[in-house]
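Working notes for the structure below.
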Amino acid sequence: MAKRILIIGGGAAGIGAAGAAKGTDPNAEVVVYTEYQDAAYSPCGIPYVHGGEIPDFERLFLGTKQQYADQGIDIRYETPVDSIDVRAKTVTVAGQPVSYDSLIVATGWGYGKPAVPGNDLSGIYYMKNIREAMEWDKTLDGVRSAVVLEAGPLGMEMVTALCHRGIETHLVDPSPWALSMATDPDIVKPVEDSWLEMGAKLHFNTKLEAILGDAAGKVRGVATSDGEIACDLVVVCTHKEPQTRLGAAAGLKTGSAGGFVVDETMSSSVPGVWAAGDCAEIPHGVSNVPIQGLSGSHAYAQGKVAGVNAAGGKRSYQPVYVPWGMVAGKWMVGGVSFSETLATAMGIPFVMGEAQGISRARYFPDMKPVKVKLLAEPGTLRLIGAQMVGGEGIKERADFLAMAVRTGITLRDLATMENVYSPPIGALNEPIAMAAQNALSRLGS
C-alpha cells in the first residue's frame with residue numbers, strides 16, 4: 001500500500017518537502033494543506049513589485065497549480081488543518097480525521113500584531129500574503145504617507161519600495177540602527193544615508209505607542225515615543241514569529257528560539273513527524289545556539305531534507321552559518337554569521353579586520369566602493385563572521401565567506417588567496433584579502 005505523507009504548509013519548506021518526498025518515493029501519496037489560495041511564491045519579491053522593479057506579481061510564483069498536479073503533488077488550497085493527533089496519526093481537516101504514515105509540519109511564520117491601541121484599524125498592511133499584496137498595491141496609488149514598522153529585511157525593502165513609489169515614507173524602529181541584530185552601524189550607514197537622499201524619514205530609538213484612527217476607523221497616523229506621525233498606511237514588518245500553535249498543541253517540543261526542536265534529519269520530538277522552515281529552529285555552526293526565522297532558501301533546503309526522510313530516504317541538514325544579502329536604498333548589504341555587535345553581545349571573543357575596496361577596476365565605468373569587515377577566532381584566526389556593504393558583488397562574497405566559515409579557513413588563508421581579475425568585475429575577493437591582511441598587521445602576524 002502506498003505511503004501517505006501529509007504536509008501542513010504550502011510555503012518554501014512545504015513545497016520543498018513535497019517535491020523531495022515524491023522524488024524519493026514516486027508511489028507515495030503526497031498531500032499538502034495550505035490555508036491560502038496559493039502555494040510556493042516569494043514574499044521577498046513583493047516589495048520589488050510595489051516599488052516597480054518587478055512588473056507584476058505573477059512572476060513571484062515558483063510554479064503553476066497544474067505543474068504541481070502534474071508532479072503528483074495533491075495541494076489542498078484554502079484548507080486549514082484544525083488539529084494533529086500524533087497517537088492516532090491523523091490530522092483533522094474540516095472536522096474529519098485524515099490518517100498519515102508521515103507528517104511534515106511546515107507552518108512557517110507570521111507577524112505578531114502590534115500590542116498597541118488601534119491595532120485593528122483599517123489601513124494596516126501585514127506584508128506577506130501575495131493576494132493581499134495585490135490588493136494593497138492598488139491602494140498604494142492613493143497613499144500619501146506611510147509608516148513602516150521596524151527595519152528587518154522586509155521592512156528595509158519596503159522603505160526602499162515606498163520611496164520608489166513616491167510615497168512619503170517614515171521608518172519607526174526601537175533599535176538604534178537598521179537590521180541591528182545582523183549588522184553593525186558603520187556597515188548599514190550608507191543604506192540609511194541613501195534612504196535620506198530618497199526622502200525617507202528615519203525614526204530610530206523610537207517606540208510605537210498607538211496607531212491613530214479617524215472617525216471612519218481608518219489609520220490617520222501613529223503615536224510614538226518621539227511624537228505623532230501623520231500617515232495613511234502602516235506597514236507591519238516586525239520580527240518573524242514561528243507559527244507553532246498547531247504542532248505544540250500536538251506535543252511537538254519547542255526550544256529556546258521558539259521553533260520546533262529538530263535533529264539533523266528535521267525529525268521533531270515526536271516519531272513520524274518532521275518540521276521544517278520558519279517554524280523550526282536550527283543550531284548555528286559556530287555558537288551552537290538554536291536560531292530560527294532564516295531565509296526562504298534555508299526553508300526550502302530544510303523541507304527537502306524532511307521530505308526525503310519522511311519518504312523513507314536518508315538525508316541530513318547541517319548547522320547553519322547564515323550567509324545573507326539584500327538591496328536596500330541604493331546599496332547592497334550582507335554578511336555571514338556574526339556582526340561585531342552581535343558577537344560582542346553574545347560574549348564571543350574575536351579579532352577584527354576591515355578594508356575599503358572597490359567593485360571594479362578604478363578606471364572602469366560605474367565603479368562602486370565596497371567595505372568589508374571580518375571577524376576571526378583569537379589564536380586560531382579561523383573566520384567566524386563577516387559584514388559587507390557595497391555597490392555590487394555582495395551576494396557572491398557572502399556565499400564565499402559562508403563556505404570559508406564552514407570549512408575553517410583562517411585570516412592567513414584569506415590574506416594570501418588568489419583572485420580572478422578583470423576590469424569590469426575587478427578582483428571580487430580583493431577587499432576580503434585586504435581586510436584579512438589588515439587584521440594580521442594589527443596582530444603583528
If you measure from [atom1] on [X] to [atom2] on [Y], what distance do you get to the nearest 0.5 Å?
X	Y	atom1	atom2	value
Lys201	Ile229	NZ	CD1	10.0 Å
Met127	Met158	CE	CE	6.5 Å
Thr341	Asp186	OG1	CG	8.0 Å
Leu196	Leu202	CG	CG	4.5 Å
Leu212	Glu228	CG	CD	5.0 Å
Ile73	Gln67	CD1	CD	10.5 Å

Using side-chain contact (heavy atoms from CB on, under 4.5 Å) as the criterion, point out the one residue from Val336, Leu374, Ile348 that pairs with Ile384.
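Among the candidates, only Ile348 passes.
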Trp274 pairs by side-chain contact (heavy atoms from CB on, under 4.5 Å) with which of Thr265, Val262, Val305, Val105?
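Passing option: Thr265.
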If you count heavy atoms of other groups shown closer than 6.0 angstrom to [atom1] of [X], is the number above 12?
X	atom1	result
Arg412	CZ	no
Lys218	NZ	yes
Arg131	CZ	yes
Glu418	CD	no
Met181	CE	no

Okay, side chain of [X], backbone of [Y]: is any donor-acceptor separation there less than 3.5 Å?
X	Y	value
Asp232	Ser145	yes
Trp177	Thr183	yes
Asn119	Lys113	no
Arg220	Gly213	yes
Gln292	Asp278	yes
Thr160	Gly329	yes
Thr407	Met403	yes
Asn309	Arg315	yes
Glu281	Gly258	yes
Gln302	Ala13	no

Can [X] and [Y] be counted as having a side-chain donor-acceptor contact under 3.5 angstrom?
X	Y	value
Asp226	Thr224	no
Asn438	Ser441	no
Gln387	Ser339	no

Establish, for the pair Lys368 and Trp331, whether the NZ or CZ atom is under 6.0 angstrom from the six-membered ring centre and no further than 45 degrees off its axis.
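Negative - Lys368 is either too far from the ring of Trp331 or too far off its axis.
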Against the six-membered ring of Tyr77, is Lys65 placed for a cation-pi contact (under 6.0 Å from the centre, within 45° of the normal)?
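Because its charged atom sits under 6.0 Å from the ring centre and within 45° of the axis, Lys65 does stack over Tyr77.
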How far apart are the closest heavy atoms of [X] and [Y], and which atoms are they?
X	Y	answer
Lys314	Val308	N-CG1, 3.6 Å
Asp137	Val49	OD1-O, 4.2 Å
Ala386	Leu401	CB-CD1, 3.6 Å
Asn129	Tyr36	ND2-CD2, 2.9 Å
Gly10	Thr34	N-CB, 3.9 Å
Gly217	Leu121	O-CD2, 3.3 Å

Does Ser180 form a side-chain contact (heavy atoms from CB on, under 4.5 Å) with Phe204? I'd like the steps, not just the answer.
CA-CA 11 Å; Ser180 59; Phe204 290 111; over 6 Å; no
Verdict with supporting geometry, Thr244 and Leu252, side-chain contact (heavy atoms from CB on, under 4.5 Å)
CA-CA 9 Å; Thr244 57; Leu252 274 67; over 6 Å; no
Quick check: do [X] and [Y] have side-chain heavy atoms less than 4.5 Å from each other?
X	Y	answer
Leu381	Leu440	yes
Leu233	Trp136	yes
Val273	Ser268	yes
Tyr126	Ile124	yes
Val234	Leu208	no
Val327	Glu53	no
Glu197	Lys330	yes
Arg165	Val143	no

Quick one, Ile15 with Leu62, criterion side-chain contact (heavy atoms from CB on, under 4.5 Å). Give me CA distance, side-chain angles, the key distance, then yes/no.
CA-CA 10 Å; Ile15 294 301; Leu62 304 181; 6.0 Å; no
His50 and Tyr125 aromatic ring geometry - parallel, tilted or perpendicular at 30°/60° bounds:
perpendicular
Just say parallel, tilted or perpendicular for the rings of His203 and His170, cut-offs at 30° and 60°.
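Rings of His203 and His170: parallel, as their planes differ by under 30°.
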List the steps and the verdict of side-chain contact (heavy atoms from CB on, under 4.5 Å) for Lys304 and Tyr317.
CA-CA 9 Å; Lys304 289 181 74 66; Tyr317 190 74; over 6 Å; no
Glu168 and Arg144 ion-paired at < 4.0 Å:
no
Regarding Glu135 and Lys138, does a basic nitrogen lie under 4.0 Å from an acidic carboxylate oxygen?
yes
